[in-house]
Amino acid sequence: MADLAPHPVGLPLRGGVAGFGTDGIRGRVGTQVSPALALQVGFWCGQVLPQGAPVLIGMDSRSSGPMLVAALTAGLTAAGREVWTLGLCPTPAIPGAIRRLGAAGGLMVSASHNPPEDNGIKVFGASGAKLSRGQQQAIEAGLQGVGAGPAIGASGGFLGTGVVHDRPDLLADYQRSLVASVMGRRLEGCKIVLDLCWGSASACGEAVFRALGAELTVLHGKPDGARINVDCGSTHLEPLRRAVLESGASMGFGFDGDADRMLAVDGRGRVVDGDQILYLWGSSLLDAGQLPANRIVATVMSNLGFERAWQAKGGVLERTTVGDQYVHQAMEQMGAGLGGEQSGHILSARHGMSGDGLLTALQVATLLHRSGQSLADWMDSSFKPYPQTLVNVTVPDRQRRQQWQACEPLRLAVEQAEIAMEGQGRVLVRASGTEPLLRVMVEAADQQLVDHWSSQLAAAAEQHLNAA
């Protein structure tokens, strides 16, 4: 193993250091994510991000957020960087501010939809996009003190002392950009329920919808680090569904902890996922001649029913690996105008291509309200999704999880399922990039096939990947 390089902010982090996953660095606070890690991540981000402009930092409502922000700030200022802190804000406020201000980049302290005891760090570059894999690897090399790592000067010492400015005013800029995104459309007379998840959406979600005239019922509307994502928000939609039905609302929107994604509920209590949102918004753009090449970018998780319905409208559906950063990359490469994930990350080229749950909710609400159509009416005319089941199997061993294809009994079981469905369905098995889970998804036109094979494959994964 290479010798450990000199380290300006403490000893290198040896084996087991958290690395970049599907959506930044994420894990349990105190073990996988610690102040020591955040200090060094801040320093090495200060080396990798372009010089000559400030670095922005925001956070969600988790109780560990201020601690990690303080450590990141210490690391960045140790690298001689100027730091602007936004405080509590939705994740998309960071890339939006980077682009508006010409900042060097930004960091968001959040574990997204994970439970309160977790936290994480998302890093954005000067374009507002998440870091490239090469930049991530440079930071990881610095953390471990091995390899070339980012250059820090011949002495390996501190490069200077940076400065810190509190900039909560930048949240108001983001709020104004949300209102401007609907181009004068209003929501008077529209009854809407918002589930703000005790998280980032509580910073400005209610204010934005009220500014447009909506009649609101708000659930979990204050920041609460002990309850963020707990039985609420986009991963637990039952409270939202119940409130929509009880209030007679036209629609409801549930956000995750950092408000970069959203799922909806219609007036009859039906869940409207990211595929349905892409189909709704994409159809509006297609009809207006505003969707380049009639193309939507989605992921391998998107439903076959969505794909076939979109193709029947003359549209093109491109698929990527799971992760909004991969959707972003594909959209840039193809010049696509709209993309996203079934889980509710939606990216719009004309709105900066950042996953933004609040912006997506505003677009859906104002498009429907202007048309005089309810979300339930629109769902009645939408595509019929194929039955799809996703089973999460806990696999603590990272190597076994990431290299599940090396497990011959599981691989053969997947092949058997695909043969049995004879092209009328599909199987997707993948390791989560943010949690110790293997995700087993089965989709087919026949619900019995889905039930049978999802159960069989999950059992095979549990048996063979967790064997002693």
Side-chain angles (χ1 to χ4, degrees), residues 15-23 25-33 111-118 120 229-231 234-238 256 271 273-275 299-305 319-323 326 341-343 385-468:
V17 61
F20 285 87
T22 306
D23 198 10
I25 296 170
R26 191 180 302 179
R28 186 62 52 92
V29 174
T31 53
Q32 296 157 302
V33 176
S112 189
H113 62 276
N114 284 35
E117 56 269 24
D118 289 355
N229 295 320
V230 177
D231 297 327
S234 62
T235 54
H236 299 88
L237 289 169
E238 185 53 34
D256 68 337
V271 173
D273 67 12
D275 286 346
T299 76
V300 291
M301 293 298 294
S302 279
N303 195 278
L304 274 174
R319 291 184 184 266
T320 73
T321 302
V322 172
Y326 302 113
E341 298 187 278
Q342 189 183 60
S343 60
Y386 279 29
Q388 186 184 80
T389 295
L390 177 65
V391 182
N392 292 320
V393 180
T394 300
V395 181
D397 189 304
R398 177 181 174 85
Q399 184 173 356
R400 289 187 179 186
R401 189 170 72 244
Q402 295 288 341
Q403 300 177 12
W404 69 267
Q405 296 95 330
C407 175
E408 186 173 4
L410 178 56
R411 182 174 52 79
L412 290 175
V414 170
E415 291 176 2
Q416 183 183 4
E418 290 172 334
I419 292 169
M421 289 189 286
E422 300 178 322
Q424 296 302 306
R426 63 191 183 110
V427 176
L428 178 66
V429 180
R430 68 177 189 90
S432 170
T434 58
E435 299 173 274
L437 301 174
L438 188 77
R439 305 196 192 278
V440 179
M441 190 272 283
V442 179
E443 180 179 69
D446 186 316
Q447 182 70 59
Q448 289 185 328
L449 282 175
V450 172
D451 293 341
H452 173 76
W453 287 112
S454 60
S455 175
Q456 290 290 312
L457 295 177
E462 173 70 38
Q463 177 184 353
H464 298 293
L465 295 182
N466 290 325

Which heavy atom in [X] sits nearest to a heavy atom in [Y], and how many Å separate them?
X	Y	answer
W404	V414	CZ3-CG2, 4.2 Å
A417	L457	CB-CD1, 4.2 Å
M441	V300	CE-O, 4.2 Å
L410	A461	CD1-N, 4.0 Å
C407	L465	CB-CD2, 3.8 Å
L449	A444	CB-CB, 4.3 Å

Which pairs pass salt bridge (Lys or Arg N to Asp or Glu O under 4.0 Å) with one or both residues in residues 445-465, sequence neighbours excluded?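 Not a single pair qualifies under salt bridge (Lys or Arg N to Asp or Glu O under 4.0 Å).
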With D118, which residues qualify under side chain to side chain donor-acceptor pair (under 3.5 Å), at least two apart? R28, N114
I'd like to check the side chain to side chain donor-acceptor pair (under 3.5 Å) partners of Y386; sequence neighbours left out, ordered by chain and number. R308
Could you please spell out the steps behind the side chain to side chain contact (heavy atoms under 4.5 Å, CB included) verdict for H113 and E435? CA-CA 11 Å; H113 62 276; E435 299 173 274; 3.4 Å; yes
Could you list the donor-acceptor pairs under 3.5 angstrom formed by side chains in residues 387-399, with sequence neighbours left out?
residue: Q388; atom: OE1; partner: Q342; partner atom: NE2; Å: 2.9
residue: Q388; atom: NE2; partner: M301; partner atom: O; Å: 3.3
residue: Q388; atom: NE2; partner: E443; partner atom: OE2; Å: 2.6
residue: N392; atom: OD1; partner: R439; partner atom: NH1; Å: 2.8
residue: D397; atom: OD1; partner: Q399; partner atom: N; Å: 3.0
residue: D397; atom: OD1; partner: R400; partner atom: N; Å: 3.0

Hey, what do you get for [atom1] ([X]) to [atom2] ([Y]), rounding to the nearest 0.5 Å?
X	Y	atom1	atom2	result
S234	D273	OG	CG	12.0 Å
H452	Q456	NE2	CD	4.5 Å
H464	N466	NE2	CG	11.0 Å

For the side chain of R430 and the backbone of T321, is there at least one donor-acceptor N/O pair under 3.5 Å apart? no
Given 3.5 Å as the limit, does a donor-acceptor pair link the side chain of E341 with the main chain of G323, or not? yes
Using the test salt bridge (charged side-chain N to carboxylate O under 4.0 Å, His left out), find all partners of E238 that sit at least two apart in sequence or belong to another chain.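 Only R241, R242 meet the salt bridge (charged side-chain N to carboxylate O under 4.0 Å, His left out) criterion with E238.
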Apply salt bridge (charged side-chain N to carboxylate O under 4.0 Å, His left out) to D256 and list each qualifying residue two or more places apart in sequence or on a separate chain.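 With sequence neighbours excluded, D256 shows a salt bridge (charged side-chain N to carboxylate O under 4.0 Å, His left out) to R261, given in chain and number order.
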